[in-house]
Amino acid sequence: MSDWMGVVWLVVLLGFNAFFVGAEFAVISARRAQIEPRANKGSKAAKMALQAMESASLMLAMCQLGITVCSLLILYISEPSIHHLLEVPLYALGLPPEVITVAGYVITLVLVTYLHVVFGEMVPKNASFSMPTRFVLLLAPPLLWISRIFKPIIGLLNGITNGMLRLMRIEPKDEANSAFTLDQVETIVEESKREGLLFDPTGALAKTFEFTSRKVADVSLPLADIVTLPLDATTEDVEAAVRERGFSRYVFVDGEGEPVGYLHIKDVLGTKDEASGLPVQGKRIRRLASLFEQSELEDAMQLMRSSGAHVAKTFNAEGETTGLLFLEDILEELVGEVRDATRRLR
């Protein structure tokens with residue numbers, strides 16, 4: 001083989017090395033959430049990319065095998081050719097043979113290492129990190145075909161690797177992590193906001209993360225702060241409370257001050273004049289939901305929505321009523337202040 005063919009092989013082997021490096025980092029960096037919609041639309045490249053991502057350990061074995069083989073071939077095929085080509089200009093300089101041999105080896109080593117690190121490693125790696133979706137769609141299909149050809153070899157390598165990991169009490173995984181914990185998502189959102197890639201002018205995203213850690217006791221109101229009505233309250237009493245306070249919902253308490261239900265003003269709107277002085281107890285007093293004060297706020301919202309109750313009484317570990325929770329106050333934790341529609345009409 002001529003020396004110039006060695007240079008051609010250097011370019012070819014650097015290209016293969018770059019392919020395996022780029023494919024390795026693309027398979028690890030790409031996210032299923034960005035690939036699955038394309039696969040669902042019928043993209044063959046996306047479907048093959050998902051197969052590669054689901055067999056990440058095998059793909060990594062294939063990439064490492066390819067990178068190692070390319071590096072060895074560069075060492076044994078391309079370096080001697082480049083070394084021999086460099087001897088010609090060094091001889092022309094009139095240098096002694098011993099100096100020419102050492103200088104040619106050093107220059108060849110530096111040149112090949114530079115080309116290998118930059119074009120065979122760093123460029124494809126950084127490109128895959130920057131655009132993982134594009135590169136996994138481009139590189140995963142051919143990587144999958146190559147891995148099928150060398151499946152016995154990479155299967156053996158992967159099996160040995162997994163066995164060694166299990167000896168170290170490490171459970172091997174076939175797929176890179178594509179899901180995040182709540183704390184990780186919050187960190188991603190904060191970083192995106194700092195980089196100017198995500199905007200949250202109303203604070204809705206921040207409130208959502210805070211909402212997940214809130215308890216019922218953090219939002220409920222003590223009974224002393226609630227406008228309540230006795231069970232024998234009349235329609236006129238309700239109307240007077242609306243005129244004075246402007247709320248749309250009022251909680252009824254029994255003789256001991258224990259909440260027993262609530263009433264929405266629409267339940268008494270349109271009452272006939274002759275019934276205006278009668279107690280509203282016989283009318284539709286709505287049932288209160290009952291919540292433990294240390295329950296998660298999102299669980300409380302789900303329970304109140306499923307039961308249709310807009311008001312719940314809270315209790316402690318001893319079973320004592322500690323306060324009241326309004327669905328409106330839960331929603332305010334997510335979207336900010338929610339003003340009572342009745343109060344807006346005043």
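In what follows, residues are counted from 1 in the order of the sequence shown.
Checked against side-chain hydrogen bond (donor to acceptor under 3.5 Å, both in side chains), T321 has the following partners two or more places apart in sequence or in another chain: E258. For I107, the side chain to side chain contact (heavy atoms under 4.5 Å, CB included) partners at least two apart in sequence or on another chain are L86.
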(message) Between L143 and F19, is the side-chain contact (heavy atoms from CB on, under 4.5 Å) condition met? List the steps.
(response) CA-CA 9 Å; L143 178 65; F19 163 77; 4.1 Å; yes
(request) Before giving the answer on side-chain contact (heavy atoms from CB on, under 4.5 Å), spell out for I28 and L60 the whole-Å C-alpha distance, their side-chain angles and the decisive distance to 0.1 Å. (result) CA-CA 9 Å; I28 295 174; L60 294 182; 3.6 Å; yes
(message) Working note: R287 + S307, criterion side-chain contact (heavy atoms from CB on, under 4.5 Å); need CA distance, chi angles, decisive distance, verdict.
(response) CA-CA 9 Å; R287 185 178 62 87; S307 65; 3.9 Å; yes
(request) Start with the C-alpha distance between E36 and R32, add both sets of side-chain angles, then the distance that settles salt bridge (charged side-chain N to carboxylate O under 4.0 Å, His left out), and finish with yes or no. (result) CA-CA 6 Å; E36 285 181 339; R32 293 186 64 93; 2.8 Å; yes
(message) Evaluate Q64 against L157 for side-chain contact (heavy atoms from CB on, under 4.5 Å), listing each step before the verdict.
(response) CA-CA 10 Å; Q64 288 300 314; L157 293 174; over 6 Å; no
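Using modelled atom types, no side-chain atom of S220 and backbone atom of L325 make a donor-acceptor pair closer than 3.5 Å. Under the 3.5 Å distance criterion, the side-chain polar atoms of N126 are matched with a main-chain donor or acceptor of M122.
Side-chain contact between V136 and Q34 is absent, with no heavy-atom pair separated by less than 4.5 Å. K313 has its side chain out of reach of V251: every pair of non-hydrogen atoms, C-beta onward, lies at least 4.5 Å apart. In this structure, T113 and L109 have side chains that are in contact, with non-hydrogen atoms separated by less than 4.5 Å. The shortest distance between side-chain heavy atoms of P259 and L324 falls below 4.5 Å. Taking the side chain as every heavy atom from C-beta outward, Y250 and L263 never approach each other to under 4.5 Å. Between V311 and R286 there is no side-chain heavy-atom pair separated by less than 4.5 Å. Side-chain contact check for L144 versus M59: some heavy-atom pair is nearer than 4.5 Å. Looking at heavy atoms from C-beta onward, K215 lies out of side-chain contact with E293 at the 4.5 angstrom threshold.
Residues W145 and V69 share a hydrophobic cluster, clusters being chains of Ile/Leu/Val/Met/Phe/Trp/Tyr side chains in contact below 4.5 Å. Put simply, M48 and I149 are part of the same group of oily side chains (I, L, V, M, F, W, Y) that touch within less than 4.5 Å, one to the next. Cluster annotation: V118 is connected to L115 through the hydrophobic network of ILVMFWY side chains, with a link wherever side-chain heavy atoms come within less than 4.5 Å.
Taking the six-membered ring where the residue is Trp, F315 and F292 present tilted rings, their angle falling between 30° and 60°.
The side chain to side chain contact (heavy atoms under 4.5 Å, CB included) test with V260 is passed by exactly one of L231, V253, L288: L231. Among L72, L73, L75, the one residue that satisfies the side chain to side chain contact (heavy atoms under 4.5 Å, CB included) test with L13 is L73.
A distance of 11.0 Å separates NZ of K125 from OG of S130, quoted to the nearest 0.5 Å. From M62, atom CE reaches atom OG of S55 across 14.0 Å, with rounding to the nearest 0.5 Å.
Heavy-atom neighbours of R148 CZ from other residues, nucleotides or ligands within 6.0 Å: above the threshold of 12.
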